[in-house]
Structure formats: C-alpha cells, structure tokens
J.: 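Right, I'll just put the structure down here and ask away after.
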2 protein chains.
Amino acid sequence: MKQKISIFDSTLRDGMQGEGIAFSVEDKLNIVRALDDIGIDFIEAGNPASNPKDLEFFRRIRDEQPKHAKLCAFGSTRRKNIRPDEDANVESLLEAETPAVSIFGKCWDLHVLKVLGTTLRENLEMIESTVAYLKERGKYVVFDAEHFFDGCRANEDYAMEALGAAERGGADVLCLCDTNGGTYPTDIHKMTQRAVQQFPGKKVGVHCHNDTGMAVAQTLFAVDAGARQVQGTFIGYGERCGNANLSTVIPDLELKRGYEVLGKEKLKDLTATARRIADISNIWLPSSSPYVGGSAFAHKGGMHIDGVKKVRESFEHVDPHKVGNDRRFLMSEVSGKATLIKKIQKVDPAVTVKDPVVGQLVDKLKQLEFEGYQFEAAEQSFELVIRRLLGKYKEYFELEYFKIIGEQPLRAQEYPSSAIIKVRVGDESRITGAEGDGPVHALDLALRNALKGFYPSLEDMSLADYKVRVLESSATTAAKVRVLIESTDGKHTWNTVGVSTDIIEASFLALTDSIEYKLTLDEAQAPSRP
Amino acid sequence: MKQKISIFDSTLRDGMQGEGIAFSVEDKLNIVRALDDIGIDFIEAGNPASNPKDLEFFRRIRDEQPKHAKLCAFGSTRRKNIRPDEDANVESLLEAETPAVSIFGKCWDLHVLKVLGTTLRENLEMIESTVAYLKERGKYVVFDAEHFFDGCRANEDYAMEALGAAERGGADVLCLCDTNGGTYPTDIHKMTQRAVQQFPGKKVGVHCHNDTGMAVAQTLFAVDAGARQVQGTFIGYGERCGNANLSTVIPDLELKRGYEVLGKEKLKDLTATARRIADISNIWLPSSSPYVGGSAFAHKGGMHIDGVKKVRESFEHVDPHKVGNDRRFLMSEVSGKATLIKKIQKVDPAVTVKDPVVGQLVDKLKQLEFEGYQFEAAEQSFELVIRRLLGKYKEYFELEYFKIIGEQPLRAQEYPSSAIIKVRVGDESRITGAEGDGPVHALDLALRNALKGFYPSLEDMSLADYKVRVLESSATTAAKVRVLIESTDGKHTWNTVGVSTDIIEASFLALTDSIEYKLTLDEAQAPSRP
C-alpha cells in the first residue's frame, strides 16, 4: 500500500516573494486552474492582510472554486497581547472564505524576544489561540512553524513547545519550515523524525528553501522521516533562491521513492503544467529543469546518443514519457554526423552517412553557430538550411526592398512605426504599407499582407511567440540579437530564427523562414499547387 | 586541521554538452583564466579526440599555462582489442600535453556487454592498460568510473573490479560518476563509503548530475563518505539537467561543512567569478542561484526585511560578503513603505514615513510595475521616478522629434539604419544624424551626439550592457519589450530601464534616463555648473 503525500503549492504566496514575480488577478486565476487540473491538494493563494489585490482575488475565485484542490489563505498568528477576534489580519483571513488557512508562528526563541519583542509564553498563547479561533470557524488549519530547524538548534524544547501549542489549538498540519534555507538534509531528517515522534497521529509537513542548493533533497529527507505534506512552488521560484521545486519533488517522490502523489495519469501532465505556469508567470522555464525542462532528456554528447539508442536506461534515469516530456537529440559540434543524418533524411531519404553533403552541412552548421545562430529552438529554420544545401529549396518570393520608419513624438492615434515593403513573385511585384506598435510589428504586418495576395493560405498563419536575445550584451546597442519566432496555422506549429545586429533584419529573417516553411508545408500536402 | 577538498571543474568539457552552450577558443582561454584566478585545482578543458577545436585550444594554452590549476584533457579508455599506443584517441590525449588527463571507463556490466560489445575481462584490461600507459608518460590520471552507482546496483563486485583495474594501473584519483543523475544521496553515501574502504589511501572523487534535482546534496554526501575530489561545472550547466554546481558546492563545503576549499580570500571572488563565467558563456546567471545569484540575499517580503534589519542571521543563513555578494532590499507591492523610505531619503533626507509623498510613490510604483516596469535591475531609473515626484528633477533636455529609418537591401558599405534627432536645451535646438548597425544603435549615437554639444561631460559616458526582454511573448511582434541599459563614466555605473511595444521607444526611454542620471551625478559633484 503506497503512502500518500499531500502537495501544498505556494506559487501564489511564497512564489510572489521571488524577485521579478508579479501577478495580475487574471494570472492568479489561471495558475489556480493549472494547479487544480493536475491534482495539487492545497493552493496557498495569498496573504489578504498584506495585499488588497489578494482579497480581490479571493472574492473572484468564490465563483470558480477549484474542483479538487483546497484553497488556502496565509497569514500571521495574532499580534501580541490582543485576542484573535480583535486582530484585523486574522479577520481578513476569514474574509477570504477559503476552506483552509495557513498561519505562521515563531518557534525560535531569538526571534520571539528580538524580532517580535514579546515573551516566550505570550508567543505560545498567540499560536494556540489563533489556531483554535480558526478551527472553531471550520477551517482546515496548517501551522507553519517558522525557522523550525534553526529554532531546534538554538532551543529544541521551545521549538517543540511551539508545535505543541499549535497541536493543542487543533492544527491539522504541523509544517516545519527551514525559513533560512541553510539546514543540512541529515539534520532535517533528524529533527523531522523527532517532531513526528513527539506528535504521533498528527500530520507533519515540510517547507524548504534553496539557499544551499538542496531544497529538493531536504524535502525528500523530511518525507523519509515521516512528513506527509510537502510545501513548495510548482517551478521553484520564491524568496531569495526559491522554494522546493514541486515539479522536481513530485516525480522524485512518485517515480523514485515509491509514494503516491498525483498518480500515473496526472503525472503525464507535469511538463505541460510547468510550461503553462512559466508562461503565465512570464518567466523562462530553465531548459535544464529536472524532468520538465527542454533539455532534461536531451542528449548531446555523441557517445551518449549512441548509448541511448542502444540501451535506453543507459543514459536516462526514467522514461521521459511518464512526465509528459520527450527524448531529444541535439545538433552541434559535439553530436556529430549521426544526429544530423536523421534530420537530413527527413528532407531527402536517399542521403546516407557517406554523402559529402553531410560534411558540408556540419561545416555550415558550425559556421552559422559561430555567427550566433542556434537551431535547438528553431528546428524549422534548420530544415530550410538543409533544403538550401540539398537543392530542395524553392524561393517563394524575393524581397525588392523595405523601409521602416519609427517616429516620436506621435500625433493623436498615430502608430509609432510604419513600414513599406515591395516583394516579387515571378514576374509580378507588389508594394504594401502597414503601421504597427513598433518597427518589427509594422514589418511583420506589411510582409504578410504583401504575400497574402500571392499565397492566400498565409491567411491561416499567425505568430504564437516572439523572443529576442541580445547575444553579446557588452556590445550594447550594436550587439547582435537573435530573434526566435513560433508560428502556427492551427494544425502545425513551427519555430524559426534570425540573427543580426539589426533587430529589424533579425526579425525579417525569422519571419521569412517562417513564411517559407509554411509554404513548404502546404506544398507537401498538395503537390499540384503551383 | 581542516580537510582539503580538491575542486575539478568541467565547464569546458561536460559543460559544453549542455544545450545552447558553445565556446570559441578565445572564450575557453578566458574561462581558464577565471577558474585559475579563483583557485580551482583542475580544469578539464576538452576532448581532443572528439573536437579538433579542442586540440587548437590546447596548443594555444601552452603559451599561457594557468598559475595554479592543472589542465586536464579528457578521453576514453582505449578501444577494445588494441594496445593504448595503437589508439589514436589515446594518442591525442598525449598530444594535448596537459599535466593531467581524465579517462572514462565502464563499470556497469550491462554497458560493457551491450554498448561496448566486449567481454567483462577485456573491459578491465582496457582500463588498466590505458591508465598505466598514461602514468608511464608522466600524467596525473583521474579515472572517471562511468555509471558507477548504477553499476554497483547491478553488479557491485564488477564495479569494484573496474576501480581495482584503474588502481592497479596507478590512477591518482578514482572518480565515481553518477552519469544518469538518478542515485539517491544516501545510496551515493553508502557506495562511496564502500569504495573509500576498498581502496584506502587512494583519493576518491565524485561526479554528479542534476536529473533528480539533488546534484549538490549527492556531492556533499559523497564528501561525507570520504570523497576528497569534487567534479562539477562552475555555474552548473552541462548535459541534460547539468552537473553539480560548483558555485554552490564550494561555499556549502567551506562555510557550512567546515572543509578547506578555496580559502576565505578567494571565496570572496565567488560571485564575481560566477558572473564572469556566465558572461563569457553568454548565458544568464539565474538570479535565484544560491550564494552568487542577484536574488540570493534579496529580501522582498515586508516581514523578512523587518526581521533582517533587526537580527541579520534571522533571515540569512550566511553573511553575503563572505562570497562577494550583497544584501538587497527589493521594491514592490510586497515590501511596503519601509523599504522605499531609504531610497527616498537618498534624494531628500527630510522625508519621513508619514509624508503623503511616500504613499504617492507606492502607488506610482505599482502603476509602473503594472505597465511592465521593473526597477530591481534599474535602480537609477527609480531614483529619477522619485525625483520627479519630489520635484527634485531637472529637465536637462527636451526631445523635439526623432525619425529612424531601417532599410533593406543595402548598398555596399551602407548601414542598415539611420536616425535623425532634434533636441532642445533652453532656447537652443540642435539636429544630428547618425547611422548604425540597427535602429537602436543609430538612435543611441544620434541622441548622445546631439547632447554632447550641450553637455561635454557626456563624452565620458558609454554603455556597458544592453538587454531586451519581451514581456508577453504570446503577443508576438506587438508585445511590450523591456529594455535594460547599464552605463558607466569610468567612475560610476548605473542602470536604467524603458518599456514600450516599440523597441525604439523603450530604448529611447532607457537612454534618456541614463543621460539624465549622468547629468544629475555631475551636478551633485559640481553644484555651481549651470
């Protein structure tokens, strides 16, 4: 019988304390949906006392309760020397009308005396009375024992007394927090075990931070010691170095340690959920993220690729499909010819390893990489490179010229940029103008408008993503930029790239690759079309 | 007497197997210098057999040997059924002329039989003969026992025999590699301990990967078990999810576990070295990186800031200065008024918490953040926001207009962009034109040229860094962009920001903030200047 571990996600509370993280109310609702869909048990969604935007969010979500997860409002124990019902912060916790609340209280005597400025006894009463008050009002109460491990090191008896106060108040979970992030995993294990033994029958939780780079290990060790609730943030961001990364902890617990967490089916949504949350948070999900990152199962070393093809488990510790991810083989100098063959044969199945064109392609790839191109996130641009080399390339249009004009200041209702472009297809030329929110936008609209006249299927095509990367930022405004574009026609999605010191030119190259790829796709499906 | 741990950095070998990582020969030389400067013991700098660029690098570095570190060339044991001196790959290891070599060999019977396709006995002879051959030629030999922990689980006797073969050959280090990254830290400890006990007096090393998010913990546990060489990459990138992050492991070992690694003085260069290597590698050092990240000691939650001010160790597990980093207090909705006061008082010391302007500034900040501004990496733009609100702002110039033109195709020796700008200072206007490598470059040159005529001190000013971030990438070419600029005049460095859907306008805003800040600095130093 597998042990069930409850997952408590604090993306919308602790996560918001990460640098550069900020959510609109709409963002928060979307994150709740994503977390609920994959089966997270508790969603800690804000601190109504500290941020009025959080109260607004709690009001909005009353109309759209999660199907599975319990929403949780976060706040402090009552202030010293007053009753819980006299404390406005505690009242705001109730106003949030969530099924669960998490309240943090001090367990470290140093903090009680110097930071709170109160007595050790009053602190215990603050904990017990606040927990009891919230229990009486029907809440599921998680007590966050702040600085529990540092508190244990300083004065273990007092730290345990603080847990005891929460237990007497009726807390449902005693969550041990390594608030500073500095406790060694074996110490986490030892002190968690003591807490579990001290309060048999009570659910113990753990909440770790990544200041020593070991939040995942600390969390797993606490579970080894008997913790059955795990707190973290879905993709790991949070105060300072972040929280325990749940997208790593969950598969570690489920696939490596034999616990029951989300279950096999929901686990397959792990990668998609991590990306969805990164998108909503407007941050980049590191490709090196365990399990869910783009590179997590990407094999580059030639030896590794050879090994994986022969025996899968020789270079993969789990099957990527279990977490909804995929195995990938990367191009580039280190991976050699074997990897490129597959991609070449997609264009021309007749090409073999011994063909001279393979060596030419390797050289071309190295030269382009030297110029700043990278095709790992722009596979369709690379396919066009292959096509040009193999002579399987059709020039669908020719650029006669474009001129982009950017101006400030603007007259009323005027766009900052306008573009004029002239393209040629066969014997026919066409000039189009467009205005846009910026020079790249204007160019994009003008180019596609000009070509739609020749190729009506471009009407189905739209851009889905646009990224810019400055390549040598110390070259400042003269630096090369790499533009990555994701495009779609509703059925397919494809990625293209352009590099230049001129962001307009870089965008133009990525856009033309995108259009050419779309037209190539169309041709493959209807070869009789001219 | 502290135990010394030897640090073995594989940024230039295993690191290169990370997705998106590629180095020129010049990059590699710069990374060697950075690693040598901070006192790394071994620098694994390439695989001469697999990449001709590596042999070129080893030739170049002969003229500039590291002062402290030992360079190390990496390669495989000899192929089956031939002698080491008949193996071209082994010969290329010697051609690299490094003081040390690391050779990897198989310890997992499955791999020997299915991937190498040879007998268990031949594999042992491959290991012993290659090690002995290299030792005879005066090399310091590190034996990388590939898949050691998986090999132990499958057939511990054979894995130990493989180590024994290397020991008989005279290997200086037996390095246990968790090549798949999937071994639990306690198992790493157990099997490392067995190896240490099996080969008393022989130095044991460890090499972990981050596939389960625990490479740092795995590494520390191996050291607990007696390993005395630690392999990783300086900022953690590498195959798949990366290698053990040395910028985390080193301070963990030195500051938390009491070992001797780099020493107190060199340790203070940790943060600067991590940033230097990230810059050379052209990647972004995550701000959440333990110890060295920009956010590692950045306090955002209002309670945390209040706590740290009162008792430093209450929210910091180590003193940031020991690793060359700094404590920071972040602005924004979560941190409240207390943090802003410090920044306001820098402009006007007379302002107190109760001043209504403080509340106005909080509102202004929230509104700007809502528009996409972030001031955590652009403190000087925020200072200008404060100045404008306090009426301590001087308008040094006014933009009459600018027009930027971007064109393709280009005539010979033509720049893709040109800019014309008209500025006014007092009663006088000036028009300037400039051409540039792109629209932002052209605008930058035109603007500063126009203003130098009015403010000669701008001659000292130059840009040091330029970054672009697309804010809502799903809005594609119409998306808002945030531009961050770092500027310097040789004495000071300052950071400014601009946001717009138009990259030209966003850059213009960041540039004008930068110029205004420079002129503000000048005025503060020589108040009599007009």
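For clarity, every value in this text was computed on a predicted model and none was experimentally measured.
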J.: Give, as side chain, backbone, both or neither, the part of Lys403(A) having an atom under 4.5 angstrom from any heavy atom of chain B.
T.: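 Both backbone and side chain.
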
J.: Tell me, out of Gly438(A), Gly236(A), Gly293(A), who's got the most heavy-atom pairs with chain B below 4.5 Å.
T.: Gly438(A)

J.: Check this for me: Tyr415(B), atom OH, are more than 12 non-hydrogen atoms of other residues, nucleotides or ligands nearer than 6.0 Å?
T.: no

J.: With chain A as the partner, which of Leu443(B), Thr248(B), Thr183(B), Asp444(B) has the greatest number of non-hydrogen pairs under 4.5 Å?
T.: Asp444(B)

J.: Between Ile421(A) and chain B, which part of the residue has a heavy atom less than 4.5 Å away: side chain, backbone, both or neither?
T.: neither

J.: Are Phe221(A) and Phe221(B) an aromatic pair, judged by ring center distance below 6.0 Å?
T.: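 Aromatic pair counts; centres sit under 6.0 Å.
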
J.: Using non-hydrogen atoms only, which part of Asn245(A) is less than 4.5 Å away from chain B: side chain, backbone, both, or neither?
T.: neither

J.: Could you tell me which of Phe402(B), Tyr401(B), Tyr291(B) has the largest number of non-hydrogen atom pairs under 4.5 Å with chain A?
T.: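 Option with the top pair count is Phe402(B).
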
J.: So which part of Leu399(A) gets closer than 4.5 Å to some heavy atom of chain B, the side chain, the backbone, both or neither?
T.: side chain

J.: Between Asp502(B) (side chain only) and Ile504(B) (backbone N and O only), is there a donor and an acceptor less than 3.5 Å apart?
T.: yes

J.: What's the spacing between Glu239(B) CD and Arg13(B) CZ if we round to 0.5 Å?
T.: 9.0 Å

J.: Using a 4.5 angstrom heavy-atom cutoff, name the option from Asp224(A), Leu445(A), Ile485(A) with the most pairs to chain B.
T.: Asp224(A)

J.: Relative to chain B, which of Val481(A), Asn210(A), Leu220(A) shows the most heavy atom pairs under 4.5 Å?
T.: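 Result: the option with the highest number of such pairs is Leu220(A).
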
J.: So which of Pro439(A), Gly436(A), Ser417(A) has the largest heavy-atom pair count under 4.5 angstrom toward chain B?
T.: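 If we count pairs closer than 4.5 Å to chain B, Pro439(A) comes out on top.
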
J.: Checking side-chain hydrogen bond (donor to acceptor under 3.5 Å, both in side chains) for the pair Asp54(A)/Asn47(A): CA distance, chi angles, key distance, verdict?
T.: CA-CA 6 Å; Asp54(A) 285 356; Asn47(A) 185 337; over 6 Å; no

J.: Below 4.5 Å, heavy-atom pairs only: which of Gly182(B), Pro251(B), Cys241(B) has the largest tally toward chain A?
T.: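 Sorted descending by pairs with chain A, the first entry is Cys241(B).
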
J.: Can you tell me which portion of Ser289(A) sits under 4.5 Å from chain B's heavy atoms? Options are side chain, backbone, both or neither.
T.: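 Only the backbone of Ser289(A) comes within 4.5 Å of chain B.
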
J.: Among Pro416(A), Gly406(A), Ala419(A), Ser500(A), single out the residue with the greatest number of heavy-atom pairs under 4.5 Å to chain B.
T.: Gly406(A)

J.: Please classify the contact of Glu400(A) with chain B as side chain, backbone, both or neither, using a heavy-atom distance under 4.5 Å.
T.: backbone

J.: So does Gly242(B) get a backbone contact from the side chain of His209(B), meaning a donor-acceptor N/O pair under 3.5 Å?
T.: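 Looks like yes, one N/O pair under 3.5 Å.
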
J.: Within 45° of the axis and under 6.0 Å from the centre of the six-membered ring of Tyr184(B), does NZ or CZ of Arg257(A) qualify?
T.: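 Relative to the ring axis of Tyr184(B), which defines the angle, Arg257(A) lies inside both limits.
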
J.: So does Leu463(A) get a backbone contact from the side chain of Glu486(A), meaning a donor-acceptor N/O pair under 3.5 Å?
T.: no

J.: In terms of heavy-atom pairs under 4.5 Å, which option from Pro409(B), Ser288(B), Ala217(B) contacts chain A the most?
T.: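 Highest number of heavy-atom pairs under 4.5 Å: Ser288(B).
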
J.: Would you find a donor on one side and an acceptor on the other, under 3.5 Å apart, between the side chain of His189(B) and the backbone of Pro185(B)?
T.: no

J.: Nearest heavy-atom pair of Ile503(B) and Ile503(A): which atoms, and what distance?
T.: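 Closest pair (atom of Ile503(B), atom of Ile503(A), distance): CD1-CD1, 3.3 Å.
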
